[in-house]
Amino acid sequence: MAKLYFRYGAMNSGKSTALLQVAHNYEERSQQVLIAKPAVDTKGDSTIVSRLGVDRRVDFLITPESNLRELAHERANDSLIIPGVKNLSCLLIDEAQFLTRDQVDQAFELAVLDGVPVLAFGIRTDFLTNGFPGSLRLMEIAHSLEELKTICRCGRKAMFNARKFDGEFIFHGDQVAIDGVEVTYESLCGVCYLNERG
């Protein structure tokens, strides 16, 4: 049985790089992979951008109204996908925290009912340590949870994504503000996060 996987970590933990490596591994074996990301993630437009400098265009963007399962089936049947490969081997989703709860359920259906493994990569919580709807649902129903780790400036394991505006940490604002557009983020351990929060 195919599974739904959630690989999560603080920013700069290599999530996008890991996703691109998984895609390469499948495609090296001539298997069809689809890559998607929520449209709300405007960083890179319709491209996944890794901090290591690797990037790749997604096969489709997911809007809040999209039915993820239907989109995956439509794109798998699209003539632009790898010629001669009949079945979808895997769906990879970047920035999965921005999925709706229903879309996570649709990803689960794609895995369980259609036999297509779904690997979702994202962060658990926002800059105020509140869970994103997509991440919370993934934590509830994913078959497999894997934390991708990175370190804080102090050397401890980073867990939180602290938001900066004009170089200063802020602890107010909308849940979603895309990195590099209006704000930046720094991955911090619990101690450094609480110290910055005051």
Gap separating the [atom1] atom of [X] from the [atom2] atom of [Y], nearest 0.5 angstrom:
X	Y	atom1	atom2	value
Arg163	Thr184	CZ	OG1	10.0 Å
Asp59	Gln32	CG	CD	8.5 Å
Arg69	Glu74	CZ	CD	12.5 Å
Arg56	Leu92	CZ	CG	8.0 Å
Asn161	Leu128	CG	CG	11.0 Å
Tyr26	Cys90	OH	SG	4.0 Å

Can [Y] be reached from [X] by stepping across I, L, V, M, F, W or Y side chains whose heavy atoms are under 4.5 Å apart?
X	Y	result
Ile151	Met11	no
Leu20	Val49	no
Leu4	Leu136	no
Val191	Leu188	no

Would you say that [X] contacts [Y] through its side chain, given a criterion of any heavy-atom pair below 4.5 Å between the two side chains?
X	Y	answer
Pro133	Thr100	no
Leu99	Pro38	yes
Arg153	Cys192	yes
Asn67	Leu71	no
Phe160	Thr129	yes
Val176	Val40	yes
Phe60	Leu91	yes
Ile35	Leu19	yes

Determine the minimum heavy-atom distance between [X] and [Y], stating which atoms define it.
X	Y	result
Glu140	Arg101	OE1-NH2, 3.0 Å
Ala2	Pro117	CB-N, 3.5 Å
Tyr193	Ala162	CD1-CB, 4.2 Å
Leu138	Ala96	CD1-CB, 3.8 Å
Ile48	Ser16	CG2-CB, 3.8 Å
Gln97	Gly122	OE1-CA, 3.2 Å

Residue set satisfying salt bridge (charged side-chain N to carboxylate O under 4.0 Å, His left out) with Lys3, at least two apart, ordered chain then number -> none
Residues two or more places apart in sequence or in another chain: which of them pass salt bridge (charged side-chain N to carboxylate O under 4.0 Å, His left out) with Lys149?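 Once residues adjacent in sequence are excluded, Lys149 has no partner under the salt bridge (charged side-chain N to carboxylate O under 4.0 Å, His left out) criterion.
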Answer yes or no: are there more than 12 heavy-atom neighbours, outside Asn130 itself, under 6.0 Å from its atom CG? yes
Are there over 12 heavy-atom neighbours, none belonging to Phe171, within less than 6.0 Å of that residue's CZ?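 Buried by this count: over 12 neighbours within 6.0 Å.
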Where the side chain of [X] meets the backbone of [Y], is there a donor-acceptor pair that is under 3.5 Å apart?
X	Y	value
Glu147	Gly9	no
Lys37	Asp45	yes
Gln103	Thr63	yes
Arg124	Ser135	no
Gln106	Leu68	yes

Quick one: do Asp114 and His73 satisfy side chain to side chain contact (heavy atoms under 4.5 Å, CB included)? Show the steps, please. CA-CA 10 Å; Asp114 303 330; His73 283 295; 2.8 Å; yes
Is the NZ or CZ atom of Lys15 positioned over Phe121's six-membered ring, under 6.0 angstrom from the centre and within 45° of the axis? no
Looking at Phe169, Phe127, Tyr185, which hits side chain to side chain contact (heavy atoms under 4.5 Å, CB included) with Lys164? Phe169
Between Thr17 and Ser50, is there a side-chain donor-acceptor contact under 3.5 Å, judged purely by atom types and distance?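 A donor-acceptor contact under 3.5 Å links the two side chains.
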Relative to the ring of Tyr8, is the ring of Phe6 parallel (under 30°), tilted (30 to 60°) or perpendicular (over 60°)? tilted
Parallel, tilted or perpendicular: rings of Phe108 and His143 (30°, 60°): parallel
Working for side chain to side chain contact (heavy atoms under 4.5 Å, CB included), residues Val58 and Asp94: CA-CA 9 Å; Val58 298; Asp94 199 28; over 6 Å; no
Please report the C-alpha distance between Ser187 and Cys152 in whole Å, then the side-chain angles of each, then the deciding distance to 0.1 Å, and finally whether the side chain to side chain contact (heavy atoms under 4.5 Å, CB included) criterion is met. CA-CA 6 Å; Ser187 301; Cys152 177; over 6 Å; no
